[in-house]
Amino acid sequence: MKQSQLFLTTLRETPADADVVSHQLMLRAGLIRQFTAGVYTFLPLGLRVLSKIEAIVREEMDAAGAQEVLLPAVQTEDIWDQSGRSEDYGPDMFRLRDRHDRRMVLAPTHEELITQLVRNEVRSYRQLPVTLYQIQTKFRDEPRPRGGLLRMREFRMKDAYSFDLDEAGLDRSYQAMFDAYCRIFDRIGIAYRAVDADPGAIGGEGGTHEFMVLSDAGEDTIAGCTGCSYAANVEKAAGQALAKADGAAVPPRERMATPGVRTIEDLVQMLGVKASQIIKVIVYLADGQPVAVCLRGDHEVNEVKLKNVLGARHVEVAPADAVERLCGRPVGFVGPDVNLPVWFDRDVWSVADGVAASAEPGYHDVHVLPGRDFEVGRTADLRMVADGDRCQHCGSPLRFFRGIEVAHVFKLGTKYSSVFRATYLDERGQERVIQMGCYGLGTSRVIAAIVEQCHDEHGIVWPMSVAPYRVHIVPVSVRDEQQMQVAKSLYHRLRAAGVDVLLDDRDERPGVKFKDADLIGLPVRITVGNKVAEGAVEVKLRRTGDVQVLPVEQAFETVLGLVHR
RNA sequence: CGGAAUGUAGCUCAGUUUGGUAGAGCGCACGGUUCGGGACCGUGAGGUCGCAGGUUCAAAUCCUGUCAUUCCGACCA
């Protein structure tokens, strides 16, 4: 492509609305333009990157035995009523009415539709297993779009669905997709980590992993073991249970006046104790029903774990007035003896000589010992892992990272297939429910993740695999005939060799061209300048800045080697 | 949905406090001088000041409402 013909405008200054580096650079480098919140146009350069990512995804899906389809993005809402997810998604779904006033949606994902499709097509065990995938535009009316392509309302995603005879088959299909994802991200060339995750609204009965690209711009926190390969989203992450404290020497409990206390910090100040000595109780509403959670003062409730333990659809901290009404005492004075169903975090046992709200409002007890001074009832791991926690597998310390969730694989089991009665007849003529898995990969989000990881102060530094063009030929002066002749010759020869090349044939000053070249970030730059008189050009690598001055012929060979490596 | 900020030229922003003819830099067009890391000089085009209503002789500026965008939180494959 000749740059003088390319529909590309780079921005010298950073647009004010862009806060995240990848967003800033994608706007400045002319990859995308925002239309409205969370909705973007892909310009030629941006589309080329998206297409290359999707091509890699397609190749690896095909190689893994998946077959491509294209499902409708416009769907009737009734299938969402059937699965119950219309309510789950709520306002996050774009809804519309057709001319017959029929309720329609723009699909946020496709489990419902594909399950129904497969129900209609598959009858016999002979037709299974099968994995289908598509690369689609998806719609989610996110409450808060963010960071350019990181969280969009209209976005691109590859989603695959596997259909198996039994759980063993599902395990194989799941592993095949997992492995394909690893190959995809390896080929793209970004640092990622597959982590244990919570299935969230997609649901399902089996395992699930998220593929995280490590980046401070990410919205998720990952706990990773420093000693072994364990890593998990903090929503899911569990550490070793803390050791049960030795309470033998704890004196009898004693009552202290603590007027006006509300927070753990208040208690720490007033009583001079450590937060880790305090036994706190937080009142939740689980699908509207009150439940108390008792845990150590320095620990934080993990609402996902709580939700899972309770089997609740939704949990939220009860508002202060609800706490007073339910417990008959203000926030800050609710103790483990509260007259509500109580769940205990397993690590309350680590407290000896603790502090807890007493039976009498306005007072706290000190020298409190779990089991002696209050009964520890139903117990589970209900808290977020924290600094200092140790890996449940190897005991090494856990560390925390931020990550961008670029893909997610689930074992769904029969969650959707049973609702939609997607069944088959086995060898013995018995009707059995299909085992499903689903596998999402956000192709547009991957672009943002790549740019987050691959940039420097001058601009984007594309990996060879997804660069919009692999080689940038920059003649310093388009009015120098010799330079232009060499530049054009290299351009045509590289193109003939199947290389994506961009030729900056614009009549601009060298500084402008170099700045643009760095901003756009093509991996290899051939600068054709003064040295052409001696038959030499420069080959510069964007990533390292390394420059080689080479005779034209050798430069051609070198570049071919670089781009095909 | 709660909290906050911002809407003025294509981009970055000043002007709003204290009402009085719409501004700068960059970008764009033209002419000239330049030409290996975002040149310089000159000329010029470009704006319903987010929108609606109100106050006023007069509103970018004051008041009310509304819409949009962004950030924090809640929420979220």
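Numbers restart at 1 for each chain; the letters A, B, ... are given by sequence-line order, proteins then strands.
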**Q** Below 4.0 angstrom from OP1 or OP2 of B:G27, is there any side-chain N or O of A:T9?
**A** no

**Q** Which listed nucleotide (B:C13, B:U70, B:C75) is nearest to the side chain of A:A16?
**A** B:C13

**Q** What does A:Q34 touch in the nucleic acid at a heavy-atom separation under 4.0 angstrom: a base, only the sugar-phosphate, or nothing?
**A** sugar-phosphate

**Q** Within the 4.0 Å heavy-atom criterion, would you say A:T14 contacts the bases, only the backbone, or no part of the nucleic acid?
**A** sugar-phosphate

**Q** Indicate, with a heavy-atom threshold strictly under 4.0 Å, whether A:P15 touches base, sugar-phosphate, or nothing.
**A** sugar-phosphate

**Q** Looking at B:U70, B:C72, B:U12, which one has an atom nearest to any side-chain atom of A:E13?
**A** B:U12

**Q** Classify A:P145 by what it touches in the nucleic acid, base, sugar-phosphate, or nothing, heavy-atom distance under 4.0 Å.
**A** sugar-phosphate

**Q** Against A:S83, only a single residue in A:E111, A:K415, A:E112, A:Q116 fulfils side chain to side chain donor-acceptor pair (under 3.5 Å); can you say which?
**A** A:E112

**Q** Which one, B:C71, B:C11, B:C75, comes nearest to the side chain of A:D19?
**A** B:C71

**Q** Kindly determine whether A:D456 and A:R542 satisfy salt bridge (Lys or Arg N to Asp or Glu O under 4.0 Å), including the steps that lead there.
**A** CA-CA 10 Å; A:D456 62 18; A:R542 177 68 181 85; 2.8 Å; yes

**Q** For A:G147, report the nucleic acid contact type (base, sugar-phosphate, nothing); a contact means any heavy atom under 4.0 Å.
**A** sugar-phosphate

**Q** Spell out yes or no: do the side chain of A:R144 and the base of B:C71 have one donor N/O and one acceptor N/O closer than 3.5 Å?
**A** no

**Q** Taking 4.0 angstrom as the limit, do A:D518 and A:R525 come out as a salt bridge?
**A** yes

**Q** Counting the atoms with a prime plus P, OP1 and OP2 as sugar-phosphate, which does A:F155 contact under 4.0 Å by heavy atoms, base, sugar-phosphate, or nothing?
**A** base

**Q** Spell out protein contact along nucleotides 31-39 of chain B as letters: B when the base is contacted, S when just the sugar-phosphate is, - when no protein heavy atom is under 4.0 Å; keep the 5' to 3' order.
**A** ---BBBBBB

